Amino acid sequence: MTAVTEEVEIEGVRLLATLTPGGGIGLLALHGSNEGGTAELARSVAGRCGATSLVFTQPGARRPVHIPSPRMAVEHCALLKTFLDHVSVTVSLHGHMRPATPRSVFLGGGNRPAARLLAAGLSALRPEFDPVTDLDEIPRSLRGLHARNPVNLTRRGGVQVELPLSARTVRSGGWDPELPDTPPHHVVDALVKGVRMLTE
């Protein structure tokens, strides 16, 4: 499918939304320029699964602004509305930098059965990474349960996946928002497996 783009301003921040239409599962990267590798993961996984992807980036921004997810759910973004109307379940990819849990992949969001299914696919990453679905073990700010969080606005809600840096990119050297990240192949494979389980 051909990607469609839209320039949108949220809280004074200029963003580029890129929607690639596909099936009823949606891969979402709200912070593609802040949380390295999430944009590339969303596109790669969606492409392999025939899913829909929506990626937000801040092209040219040397210091991308982090807008909390619930405040990204603006009515004036046409592509976000199209995405939310089209997909039934969202897998929203984020990045965390928790020094105490560098191997944890936290699976939050309102659709808990979907979170457990996705975790089953990600279990192939053990022992390098540990999928966590118990909300009591997920830091409160990473749970993705806010009613206005886009991950919870589709018909069946979704799963917020919080990935540590090493699960998002194999880039060596310093971070540069103008250079694309390369997600680890085995992480892409595991996410693909989990997303496909959501369609079964």
Side-chain angles (χ1 to χ4, degrees), residues 1-6 8 10 15-32 35 37-57 69-70 72-95 105-125 131 133 135 138 142-163 167-168 183 185-200:
M1 290 278 190
T2 303
V4 182
T5 62
E6 176 188 5
V8 61
I10 301 175
L15 300 108
L16 180 67
T18 304
L19 175 72
T20 304
I25 304 295
L27 276 294
L28 179 63
L30 293 171
H31 306 124
E35 299 168 353
T38 57
E40 292 81 4
L41 275 169
R43 294 187 184 108
S44 296
V45 174
R48 286 179 53 182
C49 296
T52 298
S53 69
L54 178 61
V55 172
F56 287 86
T57 55
S69 298
M72 292 285 289
V74 294
E75 295 182 359
H76 61 271
C77 181
L79 290 187
L80 178 60
K81 184 180 187 305
T82 298
F83 177 88
L84 295 175
D85 288 345
H86 174 67
V87 308
S88 59
V89 176
T90 299
V91 177
S92 187
L93 302 177
H94 296 261
V105 177
F106 298 115
L107 294 108
N111 190 325
R112 305 314 299 151
R116 289 186 285 272
L117 274 176
L118 198 57
L122 294 174
S123 65
L125 298 175
T133 59
L135 290 174
I138 300 175
L142 304 182
R143 292 176 184 171
L145 297 177
H146 194 288
R148 289 294 298 164
N149 189 326
V151 73
N152 299 316
L153 295 179
T154 47
R155 292 188 295 281
R156 292 168 52 202
V159 185
Q160 179 160 304
V161 184
E162 294 276 357
L163 298 139
R168 293 182 273 125
H185 293 301
H186 64 302
V187 174
V188 176
D189 291 343
L191 279 168
V192 166
K193 180 179 179 181
V195 168
R196 285 176 175 162
M197 292 173 73
L198 297 178
T199 66
E200 294 177 353

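Sequential numbering from 1 along the given sequence is applied to the chain's residues. Quick caveat: nothing in here was measured; it's all calculated off a predicted structure.
Nearest heavy-atom pair across Phe56 and Leu15 is CB-CD2, 4.3 Å. Counting all heavy atoms, side chain and backbone alike, Ala119 lies closest to Thr133 at CB-CG2, 3.5 Å. Here the closest heavy-atom approach between residue Val91 and residue Leu198 is recorded as CG2-CD1, 3.8 Å. Contact detail for Leu153 and Ala73: the closest heavy-atom pair is CD1-CB, 3.9 Å. In plain terms, the two heavy atoms of Gly157 and Asn111 that are nearest each other are C-CB, 4.2 Å. Nearest heavy atom pair, residue Gly121 against residue Met197, reads N-SD, 3.8 Å.
Although no hydrogens or angles enter the test, the distance criterion places no donor-acceptor pair under 3.5 Å between the side chain of His94 and the main chain of Leu30. One N or O on the side chain of Thr52 and one on the backbone of Gly23 form a donor-acceptor pair closer than 3.5 Å. A side-chain donor-acceptor contact under 3.5 Å links Thr199 to the backbone of Arg196. Side-chain N or O atoms of Arg156 include none that pairs as donor or acceptor with a backbone N or O of Asn152 at under 3.5 Å. Proximity of a side-chain donor or acceptor of Gln160 to a complementary backbone N or O of Val151 within less than 3.5 Å is not detected. In this structure, the side chain of Ser88 engages the main chain of Gly24 through a donor-acceptor pair within 3.5 Å.
For the side chain to side chain contact (heavy atoms under 4.5 Å, CB included) criterion with Val4, the lone passing option out of Thr20, Leu79, Leu54 is Leu79.
Counting only heavy atoms from C-beta outward, the side chains of His76 and Ile10 approach each other to under 4.5 Å.
Note that CG of Leu28 is 8.0 Å distant from OG of Ser69, once rounded to the nearest 0.5 Å. Rounded to the nearest 0.5 angstrom, Asp189 CG and Leu122 CG are separated by 11.5 Å. The CD1 atom of Ile25 sits 13.5 Å away from atom OG of Ser53, with the distance rounded to the nearest 0.5 Å. With rounding to the nearest 0.5 angstrom, the CD atom of Glu162 is 8.0 Å from the OG atom of Ser92. Expressed to the nearest 0.5 Å, how far NE2 of His31 lies from CG of Leu93 amounts to 12.0 Å. The structure places CZ of Arg112 at 7.5 Å from CG of Leu107, a figure rounded to the nearest 0.5 Å.
When the shell of 6.0 Å around NE2 of His185 is examined, it contains 12 or fewer heavy atoms from other residues, nucleotides or ligands.
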#### Entry: Intermediate values then yes/no, side chain to side chain contact (heavy atoms under 4.5 Å, CB included), Val89 and Thr154
CA-CA 6 Å; Val89 176; Thr154 47; 5.5 Å; no
